[in-house]
Each structure stands twice: as structure tokens, then as C-alpha cells.
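Residue numbers start at 1 and run along the sequence shown.
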Amino acid sequence: MSERKEIVHLPSSELELMMIIWEAGKPVSRTDIEESLGDKKWAPTTVLKFLSRLTERGFLRCEPMASGKKNLYFPLISEEEYLAFESNSVMGKLCGRSVKALIANLYENNTIDEKELDELQKFINEAKKSK
């Protein structure tokens, strides 16, 4: 197994492929990914190019299938690891690492609503109880 590289921010197209792979919960082939793209019709060479980049960046491991005609792609970085990386990155860049500033901005700009604030409050209460 190859050594994992440092996590980096992914462009939206590569992140879209990673989300498909994470959602599958198992190794996937290029054709599996293409089928999951739905209305988005990318050429096979485009999908392969993105998969190659993700492999080079340490997000995926590529192994040939038994038939030797296709490759399987295995995630090396979990969705949770990437989310933690992006959350820290956004917090540092936009809010000076202040969760309060981030939530206040989201609320003031109508990005989150009262229901989501209630869900967040419930999460906070449960998190406090579990510590």
C-alpha cells in the first residue's frame, strides 16, 4: 500500500468523484463512477484524468482487476478526514478559527435556518453530556 500524502484542497470535479467513491463504500471502477455521475456526461478520458490526479495526490490507490482490463480505485483518505481538513481550512481562512463567527455569518446570510440552529444546539447539548 502506498504512503498517504498530505491532504490538500480538491477542485470541485475531483471532489465530486471522491464523493461518489466514498458513497459507494467499496472499491469502484471507472465505469462505476461514470454510471454514478447521472446527467453529467464526462468522457472516459476525463474521468481517468481525474482518477489519476487523485491517485497522485494520495487520495486513491489503484489496482488492476483480475481480468486486467479495468482498474479498481480504493479511497486512502476517508470522507471524515477530508471534511475535518476542509473545516479547519475554512475556519482558519474566514473566521479566525471562531466557530461562533462562522455560525453567526451563516445565520445572518440565511445559509442556515432556525431548524438547523436547533439541530446544532441539540448536538452541542449531547456533546457536552458525553464529555
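- For Glu16, the side-chain contact (heavy atoms from CB on, under 4.5 Å) partners at least two apart in sequence or on another chain are Leu37, Lys40, Trp42.
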*asked:* As a quick check of understanding, evaluate side-chain contact (heavy atoms from CB on, under 4.5 Å) for Val28 and Ile20, giving each step before the final call.
replied: CA-CA 9 Å; Val28 296; Ile20 289 169; 5.8 Å; no

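- In the hydrophobic cluster analysis, where Ile, Leu, Val, Met, Phe, Trp and Tyr join through side-chain heavy atoms closer than 4.5 angstrom, Met19 is grouped together with Leu17.
- With hydrogens and angles disregarded, no donor-acceptor distance shorter than 3.5 Å links the side chain of Glu35 to the backbone of Asp32.
- Hydrophobic clustering, with ILVMFWY side chains joined whenever heavy atoms are under 4.5 angstrom apart, keeps Leu83 apart from Val8.
- Residues passing the side-chain contact (heavy atoms from CB on, under 4.5 Å) test with Ser52 are Glu56, sequence neighbours excluded.
- Under the rule for a side-chain contact (heavy atoms from CB on, under 4.5 Å), the partners of Gln121 that lie at least two apart in sequence or sit in another chain are Ile124, Asn125.
- Take Lys115 and apply the side-chain contact (heavy atoms from CB on, under 4.5 Å) test, not counting sequence neighbours, and it matches Asp113, Glu119.
- With rounding to the nearest 0.5 angstrom, the CG atom of Leu48 is 9.0 Å from the SG atom of Cys62.
- Using a 4.5 Å heavy-atom threshold, the side chains of Ile21 and Leu51 count as touching.
- Between Trp22 and Leu15 the shortest heavy-atom distance is CZ3-CD1, 4.1 Å.
- Residue Glu81 comes nearest to Leu76 through the heavy atom pair OE1-O, 4.1 Å, listed as atom of the first residue, atom of the second, then distance.
- Taking all atoms of both residues into account, the shortest heavy-atom contact from Met18 to Pro75 is CE-CB, 4.4 Å.
- Between Phe50 and Ile33 the shortest side-chain heavy-atom distance does not fall below 4.5 Å.
- The salt bridge (Lys or Arg N to Asp or Glu O under 4.0 Å) analysis of residues 41-53, with sequence neighbours excluded, yields the pairs Glu14-Arg53.
- With no hydrogens or angles considered, no side-chain donor-acceptor pair links Tyr107 and Glu116 at under 3.5 Å.
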N/O donor-acceptor pairs under 3.5 Å from side chains in residues 64-74, not counting sequence neighbours:
| residue | atom | partner | partner atom | Å |
| --- | --- | --- | --- | --- |
| Ser67 | OG | Lys69 | N | 3.3 |
| Lys70 | NZ | Thr31 | OG1 | 3.2 |

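- Among all heavy-atom pairs drawn from Tyr82 and Leu10, the shortest one is OH-N, 2.8 Å.
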